[in-house]
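Below is one structure, written out as C-alpha cells, with a few remarks after it.
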Amino acid sequence: MRLVRFDDDRLGLLTDDGIVDVTDRLDLQTNDPIKEYARKDFDASEYEGDEPDYDREEVTIESPVRRPGKVIAAPLNYENHVEEALADTDIVTEEWFTIEDKGYFLKAPSSVAGPEDGIELPFNDRRVDHEIELAFVMGEDVKDIDADDVWDAVLGYTILLDVSVRGDQDRSNRKSYDTFTIIGPCVTTPDEVGDPHDLEMELQLNGETEQQQNTGGMIYSCADIVEYASIGATIEAGDVITTGTPEGVSAISGGDTIDAEIEDVGAMTVDVTERDVAFEDIDVQKSQKEE
C-alpha cells in the first residue's frame with residue numbers, strides 16, 4: 001500500500017491506475033492526515049481495489065507528512081560516503097565519527113517539502129549538495145525501544161533528499177533551510193518493501209547518475225537508529241527517520257533537475273531553483289546592550 005498526501009491535505013492510495021481518495025472514507029479531520037492515520041491505527045487496505053478518484057497527473061503530490069514533530073537524521077552511515085567525506089573538507093571538517101560517537105542530528109520540521117515544491121537554494125555563492133536517503137515514518141510512539149521491536153512501529157518507507165549547504169556551521173543549521181528536506185512521493189508500507197536493507201537506490205542529476213547504492217551498505221540499520229534515538233526521548237507517530245546517504249554527493253544549482261528512485265519504495269522528480277542572494281553579502285550585526 002502506498003499512502004500519499006495530495007491537494008491540500010487529502011490522503012490517498014497511490015495505485016498503478018491513479019489515486020483512491022480515502023480522506024472521507026476514513027473521516028480524517030486534520031491537515032496532517034498521515035499522522036492522524038498512524039495515531040488512530042487505521043487500515044486503508046480494503047480500499048486498494050476501488051476505482052481511482054483521480055489520475056496522478058490531476059493532483060499535486062505533497063510531502064507525505066505535512067509537519068513531522070521531528071526529522072531524525074543519521075550522519076555518515078555508509079562507509080563509502082565516510083571515505084568520500086574525509087577526502088573533501090567541504091563535506092567534513094573534522095575526523096570521522098559515527099552515530100555511536102556523536103549521535104543523530106535533527107532537521108527543522110519547517111524544512112520539509114514535497115517533490116513538486118522543489119528545492120530553493122538560499123544562496124548563490126555557497127556549495128549545496130544533494131543526498132538521497134531511505135527514510136521511514138513512525139507509526140506509533142516509542143521510547144527506550146530495543147532494535148528487535150522497532151519493526152512493528154514503522155508505518156512505512158519513503159525517499160528523502162537531505163539537501164546540505166557545505167561549510168563550518170552546525171549540521172542542523174546547514175540542513176534546515178526551507179525545502180531542504182524533500183520527502184515523497186509516498187509512504188510505502190513494509191509489506192510492499194520487504195527487507196529495507198536490500199533496496200537499490202539511485203539519484204540522477206540532469207540525467208546523469210551521481211549516487212547508486214544498495215541500502216545494505218548502511219553501517220547502522222534502521223532499527224539501530226530508532227533504538228539510539230529513543231534513549232530517553234519519545235519518538236512519536238509521524239516522526240520521520242532518515243538513514244544517511246551513500247557516496248556520490250555533488251553540488252546542485254538553479255535550473256537542475258533531480259530524479260530519485262528507491263526500489264519498491266517509489267520515484268520522484270524534483271526541480272531546483274536559486275535565490276539571487278549571496279551569503280557573503282549578509283551582514284548580521286550584534287545588537288548593542290543597554291547600559
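Both backbone and side-chain heavy atoms feed into the values below; hydrogens, waters and symmetry mates do not.
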Heavy atoms, side chains only, cut-off 4.5 Å: are Ile72 and Leu106 in contact?
-> yes
Can you find a heavy atom in the side chain of Phe136 that is under 4.5 Å from one in the side chain of Val226?
-> yes
If only atom types and distance count, is the side chain of Glu62 paired as donor or acceptor with the main-chain N or O of Asp8 below 3.5 Å?
-> yes
Checking Ser176 side chain against Asn173 main chain: does a donor-acceptor pair fall under 3.5 Å?
-> no
Basic-acidic side-chain contact under 4.0 Å: Asp141, Lys143 | no
If the plane angle is over 60° it's perpendicular, under 30° parallel, otherwise tilted; pick one for Tyr37 and Phe42.
-> tilted
Which value, rounded to the nearest 0.5 Å, describes the distance between Thr189 atom OG1 and Tyr157 atom OH?
-> 10.5 Å
Closest heavy-atom pair and its distance - Leu134, Pro196 = CD2-O, 3.5 Å
Answer yes or no: does atom CG of Asp41 have more than 12 heavy-atom neighbours from other residues, nucleotides or ligands under 6.0 Å?
-> no
Below 4.5 Å, heavy atoms only, C-beta onward: do Gln212 and Pro246 meet side chain to side chain?
-> no
Contact check, side chains of Val154 and Cys222, non-hydrogen atoms, under 4.5 Å = no
Side chain Asp152, main chain Asp149, donor-acceptor under 3.5 Å = no
Any sub-3.5 Å donor-acceptor pair from Asp271's side-chain atoms to Gly118's backbone N or O?
-> no
For the hydrophobic clusters of this structure (ILVMFWY residues joined by side-chain heavy atoms under 4.5 Å, transitively), does one cluster hold both Val193 and Met1?
-> no
Separation between OG1 of Thr179 and CD of Glu120, rounded to the nearest 0.5 Å | 6.0 Å
Test side-chain contact (heavy atoms from CB on, under 4.5 Å), reference Arg56, set Asp16, Val4, Asp17, Leu14, output is Leu14
Heavy atoms of Asp198 and Glu263 approach each other most closely as O-OE1, 3.9 Å
Asp276 CG: over 12 foreign heavy atoms closer than 6.0 Å = no
Ile132 and Leu161: which non-hydrogen atoms are nearest, and at how many Å?
-> CA-CD2, 4.0 Å
Determine yes or no for a side-chain-to-main-chain donor-acceptor pair under 3.5 angstrom, with Glu274 supplying the side chain and Leu121 the backbone.
-> no
Keeping the roles fixed (side chain from Lys35, backbone from Arg66), state whether a donor-acceptor pair exists under 3.5 Å.
-> no
Smallest separation among heavy atoms of Gly12 and Ile19, with atom names | CA-CG2, 4.0 Å
Once you round to the nearest 0.5 Å, how far does CD of Gln213 lie from CE of Met201?
-> 6.0 Å
Please confirm whether the backbone N or O of Thr257 pairs with a side-chain atom of Asn206, one donor and one acceptor, at under 3.5 Å?
-> yes
Exactly one of Gln204, His130, Glu247, Glu133 clears side-chain hydrogen bond (donor to acceptor under 3.5 Å, both in side chains) with Gln211, and that residue is His130
Output yes when a side-chain donor or acceptor of Arg5 lies under 3.5 Å from a complementary backbone atom of Ser63, and no otherwise.
-> yes
Is it true that the side chains of Thr30 and Asp32 contain a donor and an acceptor less than 3.5 Å apart?
-> no
Quick one: does Asn77's side chain have a donor or acceptor within less than 3.5 Å of a partner on Met218's backbone?
-> no
Aromatic ring centroids of Tyr220 and Tyr228 under 6.0 Å?
-> no
Atom of Phe105, atom of Ala74 and distance for their closest heavy-atom approach = CE2-C, 4.2 Å
Atom CD of Glu51: over 12 foreign heavy atoms under 6.0 Å | no
Can you tell me if Thr242 uses its side chain to pair, donor with acceptor, with the backbone of Ala135 under 3.5 Å?
-> no
Atom pair CZ (Arg2) and OG1 (Thr158), whose distance is rounded to the nearest 0.5 Å = 10.0 Å
Lys/Arg-Asp/Glu bridge criterion (N-O < 4.0 Å) met for Glu131, Arg166 | yes
So how far is it from Leu28 CG to Glu36 CD, rounded to the nearest 0.5 Å?
-> 4.5 Å
Residues Asp53, Arg25: salt bridge by 4.0 Å N-O rule = yes
Distance, nearest 0.5 Å, that separates OG1 of Thr234 from CG of Asp144 | 8.0 Å
What's the shortest heavy-atom distance between Ser230 and Val142, and which atoms?
-> CB-O, 4.4 Å
Salt bridge or not for Lys175 and Asp162, using N-O below 4.0 Å?
-> yes
